[in-house]
Amino acid sequence: LWPWLLASSGLSALVQLVTLPFLPDSPSYLLIQKGNEEACRKAIKKLWGEGDHQAEIDDIMKEKAAMTSTKTLRVLELIKERSLRWQLYILMIVMTTLQLCGINAIYFYSFEVFQTAKFEEYLIPYMSLGVGLCECLSSILCSTLIDRFGRKVLLWGGYTLMASVLAILTMTLSLQHRFFWMHFFSVILIFLFVIFYGSGP
């Protein structure tokens, strides 16, 4: 079953490969990059149907004017630019914490935790699949939460909850040989960590 499950991801790629030639080009690409207004109008009509789409074309033209007036910075120029320094710091911190938050360790050791919890061998791959499904569902949930609470609240909340779960998980893993129920608690914490990761960072 697992080889078929892994191969099923190629099905969506095949559908995209077959249907891609029939999809119209992006109107903004045709107008901004190619400078072809006629092709842009055709693409808009194909996407949105017949009608007066001059307002959309005017918006794309404004975007093109804004892009031409904006100077493209190289990497060193970006680092030296004082007005962009705080944005650059924030971006670097967010990307660094995302890589070092512990999600890779959770994925790596979850199989071992499931084995230690004395789950049946045939159930462990499905539990690992459940961990991935939790991340997928929490990411969908995040798209609705971000409009209500904002990115900052989700980042702070997600990292705080993840740090708390990791601290408790460290204790449960060290005490799992003393109390039999610690194994199951560790499994619950793994699922919680993945949910907080998907809905926060």
Side-chain angles (χ1 to χ4, degrees), residues 1-99 101 103 107 129-158 194-201:
L1 183 62
W2 281 102
W4 287 104
L5 190 62
L6 288 170
S8 65
S9 60
L11 185 63
S12 60
L14 183 65
V15 170
Q16 186 178 5
L17 190 67
V18 171
T19 57
L20 202 58
F22 303 102
L23 297 175
D25 286 322
S26 165
S28 57
Y29 165 77
L30 290 169
L31 192 56
I32 295 171
Q33 302 293 330
K34 296 291 187 181
N36 192 340
E37 191 172 335
E38 186 60 35
C40 173
R41 287 182 186 277
K42 284 181 182 177
I44 287 174
K45 284 180 182 178
K46 195 170 183 181
L47 287 168
W48 297 325
E50 294 293 331
D52 185 22
H53 301 293
Q54 190 59 41
E56 286 82 2
I57 293 171
D58 291 340
D59 285 341
I60 297 171
M61 292 299 287
K62 286 176 188 173
E63 184 184 342
K64 184 179 181 180
M67 286 176 68
T68 52
S69 63
T70 305
K71 183 187 174 186
T72 305
L73 298 174
R74 296 182 183 184
V75 176
L76 285 175
E77 292 173 338
L78 182 67
I79 293 168
K80 291 176 184 177
E81 184 64 44
R82 285 184 176 273
S83 62
L84 300 173
R85 196 157 290 171
W86 274 110
Q87 292 93 319
L88 188 63
Y89 289 157
I90 291 168
L91 186 66
M92 286 170 65
I93 289 167
V94 169
M95 289 297 108
T96 304
T97 52
L98 195 61
Q99 292 301 315
C101 69
I103 189 68
Y107 279 136
L129 186 65
V131 170
L133 190 62
C134 273
E135 185 180 351
C136 181
L137 292 174
S138 57
S139 299
I140 294 167
L141 176 67
C142 177
S143 63
T144 58
L145 292 176
I146 199 166
D147 292 331
R148 182 174 294 180
F149 299 109
R151 184 76 175 145
K152 192 175 180 180
V153 173
L154 288 183
L155 278 173
W156 277 107
V194 172
I195 288 168
F196 294 147
Y197 172 78
S199 56

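Keep in mind the model is a prediction, meaning the values are calculated, not measured.
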- Task: Flag the pair E37 and R41 as a salt bridge only when some basic side-chain nitrogen lies within less than 4.0 angstrom of an acidic carboxylate oxygen.
- Result: yes
- Look up atom CG in L98 and atom CD1 in I93, then write down how far apart they are to the nearest 0.5 Å. 13.5 Å
- Message: Looking at every non-hydrogen atom in both residues, tell me the closest pair between I60 and L31 and how far apart they are.
- Response: CG2-CD2, 3.4 Å
- Is there side-chain contact between S26 and L30, with at least one heavy-atom pair below 4.5 Å? no
- When rounded to the nearest 0.5 angstrom, what is the spacing between OH in Y197 and OG in S139? 8.0 Å
- So do T144 and F149 actually touch side chain to side chain, heavy atoms under 4.5 Å? no
- So which heavy atom on K46 is nearest to which on F22, and how close? NZ-O, 3.7 Å
- Expected output: side-chain E77 to main-chain R74 donor-acceptor under 3.5 Å: yes
- Query: Rounded to the nearest 0.5 Å, how far apart are CE of M92 and CD1 of I79?
  - Reply: 7.5 Å
- Message: To the closest 0.5 Å, what do you measure between CG (L137) and OG (S199)?
- Response: 11.5 Å
- Starting at CD1 of I146, measure out to CG of L155 and round the result to the nearest 0.5 Å. 8.0 Å
- Task: Give the minimum heavy-atom separation between R85 and K80, together with the two atoms involved.
- Result: NH2-O, 3.2 Å
- Item | Closest contact, heavy atoms only, S138 versus V194 | OG-O, 3.8 Å
- Does atom CD of Q16 have more than 12 heavy-atom neighbours, drawn from other residues, nucleotides or ligands, at distances under 6.0 Å? no
- Spacing of C40 atom SG and E56 atom CD [to the nearest 0.5 Å]: 10.0 Å
